[in-house]
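Step one of this worksheet: look at the structure below.
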Amino acid sequence: MPMEPTTLSQFLAEQLPGSPDSPGLGGLLADVATAVQHIAALTARGALADVQPELPLGQDNHQGEPQKALDILAHQALVSACERGSRLSGLAGLASEEQEAPQALPQAGQGPRFLLLFDPLDGSSNIDVNVAVGTIFSVLRHEPEGEPALPHYLQPGHRQVAAGYAIYGPATMLVLTLGRGTHGFTLCRDRGHFLLTHPDLAIPAQTSEFAINTSNERFWEVPVRRYVSECKAGAPGARGRDFNMRWIASMVAEVHRILMRGGVFLYPRDSKPPGRPGRLRLMYEANPMAWLVEQAGGAASTGHGRLLDVPPRELHQRVPVVLGSRDEVERIERYHAEHERGDDVAFVSPLFNERSLYRPEAWADTSQ
Ligand code: F6P
């Protein structure tokens with residue numbers, strides 16, 4: 001008889017004993033999974049989802065971005081599931097993309113305490129077109145006594161104790177790391193629980209697939225232009241092979257593809273809104289995704305260094321993101337370093353010469 005796949009609860013019960021975070025962390029992740037099931041049901045109802053008349057629709061959130069009904073409902077689902085379980089799980093506070101300030105929760109008992117940061121519905125501009133969206137979350141420890149204040153949330157990504165995302169696509173999946181590999185669970189709608197279907201995900205070190213919003217090309221920095229133009233040049237160009245490009249405009253869907261078959265994703269710094277360091281949020285988008293990717297053997301960088309080492313200054317801080325197959329991420333970091341040293345003149349001078357910009361084969365790559 002085929003073996004029954006492991007459930008999420010069994011997986012957590014096997015992974016956490018002996019860990020200082022057990023059993024609170026297991027309880028917290030189970031609460032997140034409950035909220036994810038609720039959000040999956042809401043997103044699957046599409047235009048039939050109950051939209052509460054009191055929702056402040058058509059407005060922008062505190063970050064000036066358009067807020068959809070499902071953004072608010074997903075936020076509420078996470079807050080209520082995690083708030084309800086907080087005394088047992090040790091969840092001391094939470095912070096959401098949809099809320100300017102973090103929220104402290106009733107004080108828990110004696111065990112370890114945690115902070116939960118999340119983007120309740122990432123890629124929500126895709127809701128109207130029925131394309132995959134997701135929830136991204138990050139768990140940090142809260143060690144000091146008393147209620148958490150804003151500075152307690154500002155911990156670098158390498159301090160995370162759990163991170164994950166849910167993807168609401170044709171299937172709903174929960175992808176999780178506790179620092180021992182990255183594992184994918186599929187929601188069994190008949191039984192109402194998650195089953196371990198993708199244990200130990202592994203991102204191949206090499207890839208010929210990249211994802212970036214090329215409409216921003218004229219705003220990119222030189223190293224990113226160099227990298228993308230080489231990919232686009234394909235077999236006759238510096239890279240000596242053809243590349244494929246994807247852009248779903250939903251980070252969860254892009255990272256999921258990379259975890260399934262490799263690839264590299266870039267949302268780099270650009271000068272479109274002058275002075276903005278990037279588009280994606282460090283604490284609840286970049287950090288959890290970076291850790292999931294690293295735990296699957298990939299790499300995640302700002303272009304200048306490891307994403308998980310970026311010191312946070314603000315809860316909603318933005319950051320440039322380059323993540324995925326290790327060799328490509330390292331190459332992009334190298335292009336940034338070469339640019340800083342002025343070693344990419346072979347690229348820079350033709351860059352300012354329209355004719356050569358579209359002939360990247362003009363600068364040979366010797367490091368294949
Ligand atoms: O966080 C916002 C987000 O929707 C990501 O999921 C996605 O990668 C990105 O923005 C898309 O940005 P753009 O609309 O600029 O392509």
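Whatever order the structure lists ligands and atoms in, that order sets their numbers, starting from 1.
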> Which protein non-hydrogen atom lies closest to atom 15 (O) of ligand 1, naming both residue and atom, and how far is it?
Replying inline: Y267 OH, 2.5 Å

> Which residue owns the protein heavy atom closest to atom 2 (C) of ligand 1, what's the atom, and how far is it?
Replying inline: R279 NH2, 3.6 Å

> Do the ring centers of F185 and F11 come within less than 6.0 Å of each other?
Replying inline: yes

> With sequence neighbours left out, what residues match T182 under side-chain hydrogen bond (donor to acceptor under 3.5 Å, both in side chains)?
Replying inline: none

> Of all residues at least two apart in sequence or in a different chain, which pass the side-chain hydrogen bond (donor to acceptor under 3.5 Å, both in side chains) check with E340?
Replying inline: H304

N or O pair under 3.5 Å between [X] and ligand 1:
| X | answer |
| --- | --- |
| N216 | no |
| S124 | no |
| M251 | yes |
| S125 | no |

Under 4.0 Å between a Lys/Arg side-chain N and an Asp/Glu carboxylate O for [X] and [Y]?
| X | Y | value |
| --- | --- | --- |
| D309 | R306 | yes |
| E98 | K68 | no |
| K272 | D270 | no |

> What pair of heavy atoms forms the shortest contact from P112 to D21, and how long is it?
Replying inline: CG-CA, 4.1 Å

> Closest heavy-atom contact between S208 and R241?
Replying inline: OG-NE, 2.7 Å

With atoms numbered from 1 as shown, which atoms in ligand 1 lie under 4.0 angstrom from a non-hydrogen atom of [X]?
| X | value |
| --- | --- |
| S250 | 6 (O), 7 (C) |
| G123 | 4 (O), 6 (O) |
| R281 | 1 (O) |
| E285 | 1 (O), 2 (C) |

> Using heavy atoms and a threshold below 4.0 Å, how should the contact between L280 and ligand 1 be classified: side chain, backbone, both, or neither?
Replying inline: side chain

